[in-house]
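The structure under discussion appears below in the form of structure tokens.
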Amino acid sequence: MKLLKGEFAKLLFSKNYGFFFLGGAISFFGTGLTRIALPILILEKTGSGLLMGLAFAIEVLPATLLGPFLGALTDKFNRKKSLIVVDLLRALLILGILLSSNLYLIFTMLALIGVLKSFYAPIRLAVAPDIVPRAHFPNAVSLNGATQQISNIIGPSLAGILIAFTSTYVVILIDLITYLIAAILTLFIKIPQRKLDKKDSLGKHIKEGFQFLYRNKLLRKLNFYWIVLEFAFGGLQVLLLLYLQEVSMNKSFYGLLMTWLTVGIFTGTVLGPKIIKKRKWIKDRLINILPLSFTLLYCALIFDLSFFPLVLFITVLGFLYGTFNILASVDFGLAIPSELRGRVYSNANAFTTLSFALSTVLTGATNEYFKVSTIFFMIGILCSLLLLIIILTHTSLKTMFNNKKTIAS
């Protein structure tokens, strides 16, 4: 209840942001359900574990391959109308998957859902700073992140219960309904009008997005941090299951470890705004220190840990990851002009998604040659060295370690 007091309450109960938040929360919840239900549906329809795994890749690839192109498009259209149309199209595609028995058609629709997701995400990120007062933006970012993490915990668990007592089709149908509700709620949101530049080519828009992202020192640094962290984070999710096998633990513990990882991320997400309220020098230092703390702690997995120390270890990693994401997301969002926000977010997301996907492939491949604990150590050392290079080239040591009076001056 304490979370809903004060500034959080002002945000949630303001009509404009309230509808925006509720639509996103309902959509996140539906996505949490289908994260479990869609792969099961593919398995039921095809009987192939390989095709079930391919379904994940098909939905993720558009963010990497088409992200910059889709981001440029988001800045050329009315954002409110775009949000509504995308939600309606996703509902239509989900319905198509439910009704279709043609495998090629199902995978085509999954790919299209991935494209729409890549188009939708930067629009929501771009809209938030326009409808939230600058002073309240850290709280808005925290609420959004916390809602996503809660959905990641509750959605899959509830999906498993519903599938057990009803069917996979019922769970996916609920997701379809969440898209329709989100579209209706968006109708009531007032998004400030902005000048739409439809004359310039998409190529020019994509170029402008890249140029703004990498010419701005702060944005470039934060994006490099995210690329390195996503590489480590992707490897973590793949290697944990192999790690349990290597240390002779029950593989069923994997789901529990993922839950505690999410709990850690959620805790960091909620506490982030409290840190931002303190003196600016504290936040600035943490943005540089948290990624390096994550990767150095990552190296400790070279030691064989029993289950309870491993749970604590994973929770702390999640906390570091979640806290950095919130602190960095606030600076990132406020540093981008509204007219460029969609394409800059998409360009940044393309690199981080590629890093995550590359990590999952490489970690799985290297498992044939090294112990899992050794791979953890190698990734931790590699990422720590990369972060040190980023810190040294983008942040002065004086800024990081001088006393607060010097920083304040």
Side-chain angles (χ1 to χ4, degrees), residues 53 149 152-153 156 224-272 275 285-328 352 355-392 400-401:
Q149 298 310 321
N152 288 339
I153 296 172
F224 282 154
Y225 281 164
W226 268 313
I227 290 171
V228 176
L229 274 181
E230 285 302 307
F231 186 85
F233 197 74
L236 178 68
Q237 297 192 60
V238 172
L239 290 173
L240 271 179
L241 183 57
L242 298 173
Y243 185 80
L244 291 176
Q245 181 180 357
E246 183 175 273
V247 297
S248 301
M249 285 191 201
N250 194 317
K251 292 180 182 179
S252 62
F253 289 153
Y254 180 71
L256 188 58
L257 288 175
M258 288 296 100
T259 299
W260 278 104
L261 179 66
T262 306
V263 168
I265 296 172
F266 171 76
T267 306
T269 298
V270 171
L271 294 180
I275 297 171
R285 284 183 179 181
L286 284 175
I287 283 180
N288 292 305
I289 293 171
L290 285 169
L292 188 58
S293 301
F294 179 94
T295 55
L296 288 174
L297 189 60
Y298 198 96
C299 298
L301 277 172
I302 194 172
F303 302 105
D304 291 346
L305 302 175
S306 59
F307 181 70
F308 289 108
L310 185 59
V311 167
L312 178 61
F313 185 88
I314 293 302
T315 306
V316 173
L317 281 177
F319 175 79
L320 295 172
Y321 180 86
T323 306
F324 170 77
N325 267 342
I326 288 302
L327 298 181
T352 55
S355 179
F356 183 94
L358 183 63
S359 175
T360 59
V361 174
L362 290 177
T363 51
T366 53
N367 184 47
E368 296 183 10
Y369 305 99
F370 302 98
K371 290 179 61 178
V372 177
S373 53
T374 304
I375 301 173
F376 268 123
F377 182 75
M378 290 191 298
I379 292 177
I381 291 296
L382 172 64
C383 290
S384 296
L385 290 174
L386 290 174
L387 287 172
L388 281 173
I389 293 171
I390 297 167
I391 290 171
L392 293 174
M400 287 189 65
F401 300 114

Subject >> By side-chain contact (heavy atoms from CB on, under 4.5 Å) - contacts of Thr262 (at least two apart) >> reply: Gln149, Asn152, Ile153
Quick one, [X] and [Y] - any side-chain contact, counting heavy atoms below 4.5 Å?
{"X": "Thr323", "Y": "Leu286", "value": "no"}
{"X": "Ile391", "Y": "Tyr225", "value": "yes"}
{"X": "Asn325", "Y": "Leu229", "value": "no"}

Just distance, no hydrogens or angles: give the donor-acceptor pairs under 3.5 Å from side chains in residues 263-271, sequence neighbours left out.
| residue | atom | partner | partner atom | Å |
| --- | --- | --- | --- | --- |
| Thr267 | OG1 | Val263 | O | 2.8 |
| Thr269 | OG1 | Ile265 | O | 2.7 |

Residues 373-389, side-chain donor-acceptor partners within the protein, below 3.5 Å, at least two apart:
| residue | atom | partner | partner atom | Å |
| --- | --- | --- | --- | --- |
| Ser373 | OG | Glu246 | OE2 | 3.4 |
| Ser384 | OG | Thr295 | OG1 | 2.9 |
| Ser384 | OG | Gly380 | O | 2.7 |

Original post:
Centres of the Phe324 and Phe294 rings: under 6.0 Å?
Top reply: no
Give me the atom names and distance for the closest heavy-atom approach of [X] to [Y].
{"X": "Thr352", "Y": "Ile227", "value": "CG2-N, 3.9 Å"}
{"X": "Ala232", "Y": "Tyr298", "value": "O-OH, 2.9 Å"}
{"X": "Leu297", "Y": "Phe313", "value": "O-CZ, 2.8 Å"}

Original post:
Quick one: does Ser359's side chain have a donor or acceptor within less than 3.5 Å of a partner on Gly235's backbone?
Top reply: yes
Subject >> Gap separating the CH2 atom of Trp260 from the CZ atom of Phe319, nearest 0.5 angstrom >> reply: 14.0 Å
